[in-house]
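Model, not experiment: these values are computed from the prediction.
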Amino acid sequence: MSLPHAILTALLEKPSSGLELTRRFDRSIGYFWSATHQQIYRELGKLEEAGLIRALPTEVPARGQKKEFEVLPAGREELVRWVGESQDPKPIRDPLLLRLRAAGVVGVAGLAAELRRHEELHRGQLEVYEAIEARDFPPGRRTADEDRLRRLVLRGGIELETFWLRWLAEALPEVSDMSAPGEERA
């Protein structure tokens, strides 16, 4: 996924200003595709320059007034093209996995504490996702196709966090068992 496509998606859902997009990214898309305020504004400029979006006209233009953007037909066509495009899965690039590999060479000092920290972070993220699911997708509620797809994305996040928690539950005892003498065991 690329940031321009994430922005086109968000703007098709609702025309927004750069600040509104940043807030919406923090609450939804940002869970699986993060972007800074500066990155979003930079991409908005590129998308506008490419003729994929436009700033909505305002009644009284004023310097410093926030611009609200909408997707143009060419932007929708680009998103349709991209959705139908084939793409191979991306390899995992996780520093924690690389640290484990490095620990095999230099030792596990401090690694158990880092694994416990990651466990807390993943547990917290899982709780956030589950709360969103309970709030937005209660059992028995009929949903539109768009909501069904959003729920699938959310379920993907829930399953990823569940995977990490299962894996950490396996990794922690292994790493703790390797701890150096005098080092805290998990």
Side-chain angles (χ1 to χ4, degrees), residues 1-10 13 16 18-43 82-83 85-141 143 145-186:
M1 177 176 204
S2 67
L3 183 54
H5 295 103
I7 290 171
L8 287 171
T9 300
E13 291 172 342
S16 304
L19 181 59
E20 290 165 339
L21 279 174
T22 300
R23 289 179 180 148
R24 289 174 55 210
F25 263 68
D26 288 345
R27 292 187 318 255
S28 62
I29 292 174
Y31 287 124
F32 57 91
W33 193 264
S34 62
T36 66
H37 189 74
Q38 292 84 1
Q39 289 171 317
I40 289 172
Y41 274 95
R42 191 170 38 249
E43 286 303 323
W82 180 78
V83 166
E85 188 177 78
S86 177
Q87 183 175 0
D88 293 339
K90 298 287 183 209
I92 295 175
R93 289 183 60 174
D94 191 293
L96 183 62
L97 298 176
L98 184 56
R99 284 172 144 167
L100 243 62
R101 183 69 186 260
V105 179
V106 299
V108 297
L111 196 53
E114 181 65 358
L115 291 175
R116 283 191 296 277
R117 189 179 78 79
H118 275 255
E119 188 176 40
E120 282 181 42
L121 293 170
H122 286 291
R123 187 170 286 112
Q125 191 61 58
L126 178 60
E127 289 171 5
V128 168
Y129 288 160
E130 288 174 337
I132 292 169
E133 184 177 42
R135 181 193 70 213
D136 294 349
F137 306 104
R141 179 178 146 209
T143 56
D145 287 350
E146 183 178 326
D147 285 339
R148 289 171 59 193
L149 294 174
R150 284 187 187 138
R151 183 169 187 265
L152 280 173
V153 172
L154 179 62
R155 289 297 310 162
I158 288 169
E159 293 300 324
L160 282 171
E161 296 305 329
T162 301
F163 158 77
W164 280 112
L165 288 169
R166 271 195 325 265
W167 181 82
L168 286 161
E170 179 183 337
L172 261 163
E174 291 285 335
V175 169
S176 294
D177 189 51
M178 296 175 214
S179 295
E183 188 177 68
E184 176 192 338
R185 293 192 181 255

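Checked by atom type and distance alone, the side chain of R24 pairs as donor or acceptor with a backbone atom of A10 at under 3.5 Å. Of the possible donor and acceptor atoms, none in the side chain of Y41 sits under 3.5 Å from a partner among the backbone N and O of T36.
Among all heavy-atom pairs drawn from D147 and F137, the shortest one is O-CE2, 3.3 Å. What you find for L115 and L100 is that their closest heavy atoms are CD2-CD1, 4.1 Å. The shortest heavy-atom contact between L165 and E119 is CD2-O, 3.5 Å. The minimum heavy-atom distance between A112 and L172, with the atom names listed, is O-CD2, 3.6 Å. Here the closest non-hydrogen pair linking P173 and L168 is CD-O, 4.4 Å. Nearest heavy-atom pair across W82 and S2 is CZ2-N, 4.1 Å.
Using a 4.0 Å cut-off between a side-chain N of Lys or Arg and a carboxylate O of Asp or Glu, R123 and E127 do not qualify as a salt bridge. A salt bridge between R116 and E120 is absent, with no side-chain N of the basic residue lying under 4.0 Å from a carboxylate O of the acidic one.
Taking CZ of R23 as the start and NE2 of H37 as the end, the distance is 9.0 Å to the nearest 0.5 Å. With rounding to the nearest 0.5 Å, the separation of CG in L160 from CZ in R155 is 11.0 Å. Note: Q39 CD to L21 CG = 13.0 Å, rounded to the nearest 0.5 Å. A distance of 11.5 Å separates OG1 in T9 from CH2 in W33, rounded to the nearest 0.5 Å. The structure places CG of L126 at 5.0 Å from OG1 of T162, a figure rounded to the nearest 0.5 Å. Of the inter-residue distances, the one linking R117 atom CZ with L96 atom CG reads 9.0 Å to the nearest 0.5 angstrom.
Counting heavy-atom neighbours within 6.0 Å of R135 CZ, excluding the residue itself, gives a total above 12. The 12-atom threshold is exceeded at CD of E85, counting heavy atoms of other residues, nucleotides or ligands nearer than 6.0 Å. By the 6.0 Å contact criterion, CD1 on I92 is open, its count of non-hydrogen atoms from other residues, nucleotides or ligands being 12 or less.
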- Message: Under the criterion side chain to side chain contact (heavy atoms under 4.5 Å, CB included), I'd like the reasoning laid out for E43 against I40: C-alpha separation, chi angles, the key distance, then a yes or no.
- Response: CA-CA 5 Å; E43 286 303 323; I40 289 172; 5.9 Å; no
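Taking the six-membered ring where the residue is Trp, H122 and H118 present tilted rings, their angle falling between 30° and 60°.
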